[in-house]
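Along the sequence shown, residues carry numbers from 1.
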Amino acid sequence: MTNTTALWTTVKDELRERRERRAAIRTLRADLSHYRTPAEIEDLLVAVDAQEASGEGAEEAPVIRAILHENLQEYYGLHSPVRRAAGL
């Protein structure tokens with residue numbers, strides 16, 4: 001295999017891996033979108049922490065936490081006292 005062919009193969013493989021990673025994150029984000037209230041999110045965060053402490057899911061835990069924190073931020077953005085006072 002020539003250097004150009006090897007480089008091309010490497011680039012294609014990296015692009016494919018990135019697409020797959022983005023697709024997996026989109027799927028995970030959709031799955032976690034059902035967890036919206038602080039209580040639901042806190043319960044799931046505790047479960048993620050426990051699973052990570054047991055050695056399982058250590059790779060996915062930071063991604064899951066980030067998505068859940070985004071959900072929590074969205075919740076508080078929608079339910080803020082300022083929004084309620086403004087009638088939104």
Side-chain angles (χ1 to χ4, degrees):
M1 207 181 326
T2 66
N3 285 339
T4 305
T5 305
L7 177 63
W8 180 246
T9 301
T10 301
V11 168
K12 285 186 346 185
D13 290 345
E14 287 178 7
L15 289 173
R16 183 179 72 314
E17 289 170 8
R18 287 180 189 177
R19 276 193 308 272
E20 290 171 356
R21 201 171 320 125
R22 283 192 311 267
I25 290 173
R26 274 193 307 273
T27 300
L28 184 57
R29 190 176 303 280
D31 291 344
L32 294 174
S33 70
H34 304 289
Y35 297 90
R36 296 204 175 276
T37 67
E40 292 171 338
I41 292 170
E42 183 62 32
D43 287 345
L44 197 52
L45 285 170
V46 169
V48 169
D49 290 344
Q51 186 176 12
E52 185 180 30
S54 72
E56 296 178 37
E59 193 173 301
E60 297 88 7
V63 177
I64 293 171
R65 275 193 206 93
I67 293 169
L68 290 172
H69 282 121
E70 288 171 8
N71 290 357
L72 193 58
Q73 189 174 17
E74 183 180 340
Y75 174 86
Y76 284 121
L78 293 173
H79 297 88
S80 72
V82 174
R83 287 182 64 87
R84 283 196 303 265
L88 301 174

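- When atom types are taken as modelled, the side chain of Glu40 and the backbone of Arg36 share a donor-acceptor pair closer than 3.5 angstrom.
- To the nearest 0.5 Å, the span separating CD1 on Ile64 from CD on Glu52 amounts to 9.5 Å.
- The structure places CG of Asp43 at 9.5 Å from OH of Tyr35, a figure rounded to the nearest 0.5 Å.
- The local environment of CD in Glu17 is crowded, with over 12 non-hydrogen atoms from other residues, nucleotides or ligands closer than 6.0 Å.
- Arg16 CZ: more than 12 foreign heavy atoms inside a 6.0 Å radius.
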Derivation and outcome, side-chain contact (heavy atoms from CB on, under 4.5 Å), residues Glu74 and Glu70:
CA-CA 6 Å; Glu74 183 180 340; Glu70 288 171 8; over 6 Å; no

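- For the atom pair CG (Leu72) and CG (Leu44), the distance works out to 12.0 Å, reported to the nearest 0.5 Å.
- Without hydrogens or angle criteria, Arg29 side chain to Arg26 main chain gives no donor-acceptor distance under 3.5 Å.
- Here the NZ atom belonging to Lys12 is positioned 13.0 Å from the CD atom belonging to Glu14, to the nearest 0.5 angstrom.
- Proximity of His69 to Arg65: side-chain heavy atoms (C-beta onward) are separated by under 4.5 Å at one or more points.
- In this structure, CG on Leu45 lies 5.0 Å from CG on Leu68, to the nearest 0.5 angstrom.
- Counting non-hydrogen atoms of neighbouring residues, nucleotides and ligands closer than 6.0 angstrom, the CD atom of Glu59 reaches no more than 12 such neighbours.
- At a threshold of 4.5 Å between side-chain heavy atoms, the hydrophobic network of Ile, Leu, Val, Met, Phe, Trp and Tyr places Leu7 and Leu15 in one connected group.
- Listed for the Asn71 side chain is a donor-acceptor partner under 3.5 Å among the backbone atoms of Leu32.
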